[in-house]
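Here the structure is laid out as structure tokens; the discussion comes afterwards.
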Amino acid sequence: MYKILISDKLEKEGLDILTADKRFTVDCKFGIPADELQKVIKDYDGLIVRSGTQVTSQIIEAADRLKVIGRAGVGLDNVDLPAATKKGIVAMNTPAGNTTSTAEQTMSLIMSLARNIPQAVASLKGGKWERSKFTGVELYGKVLGIIGLGRIGSTVAKMAQAFGMVTIGYDPYLSAEIAAKNGIKLLDLNEIYKTADFITVHIPKTDETTHMIGEAQIALMKKTVRLINCARGGIIDESALIKALQEKRIAGAALDVYEAEPPDFNSQLFKLDNCVTTPHLGASTSEAQLNVAIEIAHAVKDALSGAGIRNAANFPSLSLEAYKVIEPYLSLAERMGKFAGQLVQGRISEVTITYSGAIAQQKVTAVTMALSYGLLTPVLGEGVNTISALNMMKERGINIKEIISNQEGEYVNAICLDITTDKEPFSLLGTLSSNKQPRIVKINNVYVETVPQGHMLFINNNDKPGIVGAIGTLLASENINIAGITLGRENQQGVAVSVVNVDSQIPESLIEKLRQTKNILFVKAIKV
């Protein structure tokens, strides 16, 4: 007998799936306060939430029996994933449930922008007849730039093509061949900014994507461009957007999401005639609510009854015995993937993973999944998990090769990652230290000894004296402490690699100073 607590409103059809099974007792306590949830959670095997319940580390720590947390929706930002993983609790979501709903909301906002519909409605209800004031533009023949071509972005493309729009897009994890089959021409971001008449974003908010569209990017766009965001607030820099709208630097914008929600209603976004705003309605359709309720009910039911785990954000499907053996390699692989995903240049076409030593004696699929998850995370964020990562790689035309090596290599137990792109290849060699902690020991052809953890700096520099001192001085000027530093070079007086572990986030202003430092060729802040 399993007990399930549902703390946010769930559609009846989802509840019926669980209550119809005599193995489950279901309690609905919608809107339960956090302190009360922390008290009662100890009695439950499963917890189903939406966006309202914050599943904090304190709640997870109090969950003595909890095995599964199910989120009826795409995001898992309201669940403390590290705490759940540490406790051995599977956290799962419903990544496909609101695809159509969000895509349709995007098209609604595109139409609203093109034809000035909200402004015209307000004018007419105000007793005015201002036909000429609200002259719009047609969608037919216009270029739609789509940033992020996952489920929602690809669906938007199909809908837009039905209107006769030309679809171009950016997604570093989608092959040009698959994009072409879907009628989408892949371009670099700057080309999209320069070319598109409408630009819509369908990517998660991560360190990499926060404010990815700001003043510099808007400066590249046409004055007739219209921007749409139904993904996550903060991908478009609101202050830069307000300035561009006020100065008529762009024709308009439509937002369904905001940097803070609820937003500051004194913001100019809600006063500008050329900005359409809606209150985060992307998933707010009866069909989407029904879909995610049914999907999460089945997922939680199957996970608790031992029928399989799907859409888990933090856990591969493994027996306890196998998990104990490969756990340190899962951590190593995921960190290698995240490290590589932030440094690789160009569109990825192939990923080769070579296993040697003890890990080669195990079933490595779960490790490959962890590495793929890490590789996709910098771009896709919460849109990918360890279970879906391999399929998402396949959907994007990325070929994955697993090689089991019985030959003795440079390290007894190792994972070698080789990435092929349309620009330049990238490789990593990772191993475990004597206490089974992850280490990266080779980057491309350069030997290093670095811990892939926390905030890091990756630097390519000419092999000249003074580089370490310059890095240390600049970090000290921002009161950033160095936790560790490793240096490597392919040959004397050639190009060297410096990897620096630091104790806190590195501001962009400091990155820029490092870029301007003599003999430093490339700098990238990384978070693993």
Side-chain angles (χ1 to χ4, degrees), residues 76-77 79-93 95 173 204 206-208 309 311-318 322-344 348 351-360 362-393 398 400-402 411 413-419 426-433 435-443 450-456 458 499 501 526-528:
L76 273 165
D77 48 320
V79 177
D80 191 321
L81 286 177
T85 302
K86 184 177 180 181
K87 192 98 175 190
I89 300 168
V90 176
M92 54 181 64
N93 60 358
Y173 296 105
T206 66
D207 291 341
E208 295 282 312
I309 296 172
N311 294 327
N314 64 341
F315 225 72
S317 182
L318 295 166
Y323 182 75
K324 287 179 180 178
V325 174
I326 70 171
E327 180 182 18
Y329 293 99
L330 291 171
S331 178
L332 171 63
E334 181 180 327
R335 295 187 193 193
M336 288 177 65
K338 288 180 178 178
F339 190 91
Q342 295 171 76
L343 290 175
V344 68
I348 299 173
V351 173
T352 302
I353 309 168
T354 304
Y355 297 99
S356 58
I359 185 60
Q362 303 294 324
K363 293 181 179 179
V364 298
T365 302
V367 185
T368 299
M369 291 163 63
L371 195 149
S372 301
Y373 164 67
L375 186 61
L376 294 174
T377 296
V379 172
L380 301 182
E382 65 187 23
V384 62
N385 59 56
T386 51
I387 302 299
S388 65
L390 290 180
N391 282 337
M392 295 183 81
M393 297 273 269
I398 300 173
I400 302 177
K401 291 183 179 179
E402 290 178 343
Y411 293 85
N413 303 308
I415 300 174
C416 182
L417 171 64
D418 291 292
I419 301 175
F426 184 84
S427 65
L428 285 181
L429 184 65
T431 189
L432 299 175
S433 65
N435 61 350
K436 296 188 177 182
Q437 295 304 304
R439 295 288 186 271
I440 290 175
V441 291
K442 195 175 183 181
I443 303 173
T450 189
V451 180
Q453 179 176 309
H455 294 284
M456 308 175 73
F458 177 86
V499 184
N501 294 83
I526 298 171
K527 186 179 181 184
V528 178

Can I get a per-line list of side-chain donor-acceptor pairs under 3.5 Å for residues 368-379, giving both atom names and the distance, sequence neighbours left out?
| from | atom 1 | to | atom 2 | distance (Å) |
| --- | --- | --- | --- | --- |
| Thr368 | OG1 | Tyr355 | OH | 2.7 |
| Thr368 | OG1 | Val364 | O | 3.3 |
| Thr368 | OG1 | Glu402 | OE2 | 2.5 |
| Ser372 | OG | Thr368 | O | 2.9 |
| Thr377 | OG1 | Tyr373 | O | 2.5 |

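Using modelled atom types, no side-chain atom of Gln362 and backbone atom of Ala358 make a donor-acceptor pair closer than 3.5 Å. With hydrogens and angles ignored, the 3.5 Å screen pairs no side-chain donor or acceptor of Asn93 with any backbone N or O of Ala312.
Among all heavy-atom pairs drawn from Leu332 and Gly430, the shortest one is CD2-C, 3.8 Å. For the pair Gln342 and Lys527, the tightest heavy-atom approach, listed with the atom from each and the gap, is NE2-O, 2.9 Å. Pairing each heavy atom of Gly381 with each of Thr206, the nearest pair is CA-CG2, 3.7 Å. When all heavy atoms of Val344 and Gly341 are compared, the pair lying nearest together is CG1-O, 4.2 Å. When every heavy atom of Ile326 is checked against every heavy atom of Ala366, the shortest pair comes out as CD1-CB, 3.9 Å.
For the atom pair Leu428 CG and Phe339 CZ, the distance stands at 6.0 Å (nearest 0.5 Å). Here the CD1-CG distance, from Ile359 to Leu330, works out to 7.5 Å after rounding to the nearest 0.5 Å. Expressed to the nearest 0.5 Å, how far CD of Gln437 lies from CD of Gln453 amounts to 7.5 Å.
Counting heavy atoms from C-beta outward, Ser427 and Leu429 have side chains that stay 4.5 Å or more apart. Side-chain atoms of Phe426 and Leu417, non-hydrogen and from C-beta on, never get closer than 4.5 Å to each other. Side-chain atoms of Met392 and Leu380, non-hydrogen and from C-beta on, do get closer than 4.5 Å to each other. Looking at heavy atoms from C-beta onward, Asn311 lies in side-chain contact with Pro95 at the 4.5 angstrom threshold. Within the 4.5 Å cutoff, the side chain of Ile353 has no heavy atoms near those of the Lys401 side chain. For the pair Ile415 and Thr431, the minimum side-chain heavy-atom distance is 4.5 Å or more.
Taking Arg335 as the reference, nothing meets the salt bridge (Lys or Arg N to Asp or Glu O under 4.0 Å) condition, with sequence neighbours excluded. Partners of Ser356 under the side-chain hydrogen bond (donor to acceptor under 3.5 Å, both in side chains) rule, at least two apart in sequence or in another chain, do not exist in this structure.
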Take Thr450 and Met456 through the side chain to side chain contact (heavy atoms under 4.5 Å, CB included) test and state the conclusion after the steps. CA-CA 10 Å; Thr450 189; Met456 308 175 73; 3.6 Å; yes
Take Leu432 and Asn413 through the test side chain to side chain contact (heavy atoms under 4.5 Å, CB included) and record every step on the way to the result. CA-CA 7 Å; Leu432 299 175; Asn413 303 308; 5.9 Å; no
Asp418 and Val351: side chain to side chain contact (heavy atoms under 4.5 Å, CB included), yes or no, with the steps? CA-CA 6 Å; Asp418 291 292; Val351 173; over 6 Å; no
